[in-house]
Amino acid sequence: TALLEVNHVSKQFGKDALALSDVHFSVQEGEFVSIIGPSGAGKSTLLRCINRMIDASSGEITFDNMNVMNLKKKDLKTLRTKIGMIFQHYNLVNRLSVIENTLHGNLGKKSALAGVLGLYSQKEKEQAMNILHVLGLDEHIYKRADQLSGGQKQRVGIARALIQNPRMLLCDEPIASLDPSSAKIIMDHLRNISTTMGITVLVNLHQVDVALKYSDKIIGINHGQVVYNGSPKNITKED
Ligand code: ADP
Ligand code: ADP
């Protein structure tokens, strides 16, 4: 069954900027789906509509049987817990340690202000350590975020998303600021999270070759419209 359904979604910015036009696709539970397209195609706008950082102008979005575009405040919180976000620029709190940034996913802004590990239970800390271990960050747990390389920062970004037990990860250009070898490590982790944890992954990429290698399904968008929706195997140069 579909975990996410995007039905005829459009997004208009101002008078004549139509960032998304009648976008229509679905994502099955556990699927690894890449959204590809050139800069300005509408990829980040689409992700922002799905997690309600912005409101779509028209259409319907259903996630885990919730009507995304019509949620009460409390349900919006539930939605954001079920959807883990990964960003191109990591969005870590520089002066906090790796484990604090990870736990931050659970407590929100307050923990960033306090910045003390004492706020968290032993159980929460163990859970964070386990996730950081899976992501190969054992040696870096107490380092400040700003002492890490880009690839390490992005792994902390993934850890922070995972600690809230999401159903889906929404990744907005997660490897766009990384060198090829760090990018491969991040993509391998995302693929592994999908395969072994059953977490659905929806990722914006502008590197077509990477998308073809890792994805179960490809959504191609250009000028705000879906121009391809299918298996990476059937994609041709013309697409
Ligand atoms: P992509 O992620 O594929 O690079 P975006 O979703 O960022 O594309 O942008 C799609 C289009 O919408 C672009 O033309 C962009 O300039 C426009 N756009 C995005 N956000 C805004 C905004 N907040 N206000 C006005 N236009 C926007
Ligand atoms: P990214 O590198 O993540 O694609 P962008 O440069 O597209 O970032 O957008 C950065 C911010 O500016 C976003 O909040 C986006 O909504 C906003 N934005 C993008 N395009 C426009 C635009 N044409 N007019 C106003 N805001 C925009």
Side-chain angles (χ1 to χ4, degrees), residues 4-27 31-63 68-71 76 79-80 83-92 150-151 153-154 157-158 160-161 166 168-180 182-183 186-187 190-191 194 200-230 232 235-239:
L4 171 70
E5 281 187 73
V6 174
N7 287 320
H8 303 294
V9 165
S10 297
K11 174 63 186 178
Q12 185 110 30
F13 287 110
K15 257 197 177 148
D16 30 37
L18 190 60
L20 297 174
S21 173
D22 201 28
V23 170
H24 199 78
F25 68 93
S26 63
V27 175
E31 240 181 346
F32 191 112
V33 178
S34 293
I35 300 171
I36 60 175
S39 184
K43 303 182 297 296
S44 28
T45 300
L46 179 57
L47 296 196
R48 288 183 184 127
C49 288
I50 293 170
N51 82 341
R52 278 287 301 277
M53 268 157 87
I54 59 173
D55 291 323
S57 307
S58 61
E60 190 183 57
I61 300 173
T62 310
F63 175 77
V68 170
M69 288 166 66
N70 195 6
L71 292 177
L76 197 56
L79 177 82
R80 300 235 169 97
I83 298 179
M85 287 295 296
I86 313 282
F87 306 94
Q88 176 179 351
H89 299 293
Y90 328 117
N91 294 11
L92 303 180
K153 284 181 182 169
Q154 193 57 291
I158 296 173
R160 180 185 54 193
M168 178 168 79
L169 293 183
L170 276 188
C171 317
D172 197 358
E173 298 283 359
I175 58 168
S177 304
L178 301 177
D179 61 86
S182 304
I186 294 303
M187 291 306 295
L190 291 175
R191 181 69 238 193
S194 155
T200 306
V201 176
L202 185 57
V203 54
N204 279 356
L205 292 167
H206 62 260
Q207 306 89 331
V208 180
D209 54 332
V210 175
L212 294 180
K213 182 175 165 202
Y214 285 91
S215 313
D216 299 320
K217 190 161 89 186
I218 304 275
I219 315 269
I221 74 171
N222 200 4
H223 302 299
Q225 292 181 304
V226 174
V227 294
Y228 184 86
N229 179 348
I235 211 159
T236 64
K237 271 225 168 75
E238 288 77 69
D239 294 318

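Whatever order the structure lists them in is the order used to number ligands and atoms, beginning at 1. Values reported hereafter were calculated over all heavy atoms of this structure, with side chains retained and with hydrogens, waters and symmetry mates removed. The shown structure was predicted, so the numbers you read here are calculated from the model rather than taken from an experiment.
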Tell me, please: is A17 in heavy-atom contact with ligand 1, that is, under 4.0 Å?
no
One finds that the ligand 1 atoms under 4.0 Å from a non-hydrogen atom of A41 are 1 (P), 3 (O), 8 (O)
In Å, rounded to the nearest 0.5 Å, how long is the span from CG of L76 to CG of L71?
6.0 Å
Which ligand 1 atoms are under 4.0 Å away from a heavy-atom of K43?
1 (P), 2 (O), 3 (O), 4 (O), 6 (O), 8 (O)
Report yes or no: does a heavy atom of G37 sit under 4.0 Å from some atom of ligand 1?
no
Within a strict 4.5 Å, meaning less than it, do heavy atoms of the I36 and Y228 side chains meet?
no
Consider side chain to side chain contact (heavy atoms under 4.5 Å, CB included). Of D216, N229, L202, which one does V33 pass it with?
L202
Between the candidates S44, P38, C49, which shows the shortest non-hydrogen contact distance to atom 7 (O) of ligand 1?
S44
To the nearest 0.5 Å, what is the distance between CG on L178 and CD1 on I186?
6.0 Å
Of the listed options (T45, I54, D172, I35), which comes nearest to atom 9 (O) of ligand 1 when hydrogens are ignored and any heavy atom counts?
T45
In terms of atom number and element, which parts of ligand 1 are under 4.0 angstrom from non-hydrogen atoms of A19?
11 (C), 12 (O)
Checking the N or O distance criterion of under 3.5 Å, is ligand 1 in contact with F13?
no
Is there a side-chain contact between H89 and S177 (heavy atoms, below 4.5 Å)?
yes
Say you draw a straight line from SG of C171 to CE of M85; how long is it, rounded to the nearest 0.5 Å?
8.0 Å
